[in-house]
Amino acid sequence: FLAFAAIIALVLSFYQKTYMYTVGVTDGVFFNPTYLGLNSVIMSLVGIFIFKDKLTVKQKISIVLGIASVLFMNLRFWPI
């Protein structure tokens, strides 16, 4: 149990440091939608690869569209 708690603590500390750094160097307009969109995509991928979830075609398409939406949100067509 202690080893598991130590691993979780390391993951959370890395996450917090990365999150705080990214908040400081990126515009909130791009960071928040990207962060929230990637959370959904990552949880879907965790379900597929770790828990061996079987997805329907519609679910696979929605994951691809989620990834595409995050990519399109971060394209900059104008100087900021």
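Between S69 and G66, the shortest heavy-atom distance links the atoms OG-O, 2.7 Å. Considering every non-hydrogen atom in both T18 and T22, the closest pair reads O-OG1, 2.7 Å.
The same ILVMFWY cluster, assembled from side-chain heavy atoms under 4.5 Å apart, contains both F51 and I42. Follow the hydrophobic side-chain contacts under 4.5 Å out from V23 and you reach L36 in the same cluster.
Contacts of Y35 classified as side-chain hydrogen bond (donor to acceptor under 3.5 Å, both in side chains), with partners at least two apart in sequence or in another chain: Y15.
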query = After noting the C-alpha distance and the side-chain angles of F31 and Y19, does the key distance pass the side-chain contact (heavy atoms from CB on, under 4.5 Å) rule?
reply = CA-CA 10 Å; F31 178 70; Y19 180 83; 3.4 Å; yes
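Atom CG of L65 sits about 14.5 Å away from atom NZ of K60, to the nearest 0.5 Å. Distance check: I7 CD1 to L12 CG gives 12.0 Å after rounding to the nearest 0.5 Å.
Within the hydrophobic cluster formed by Ile, Leu, Val, Met, Phe, Trp and Tyr side chains joined at under 4.5 Å, directly or through other members, F49 is accompanied by V41, L45, I48, L55, I63, I67, L71.
Within the 3.5 Å criterion, the main-chain N or O of T56 finds a donor-acceptor partner in the side chain of Q59.
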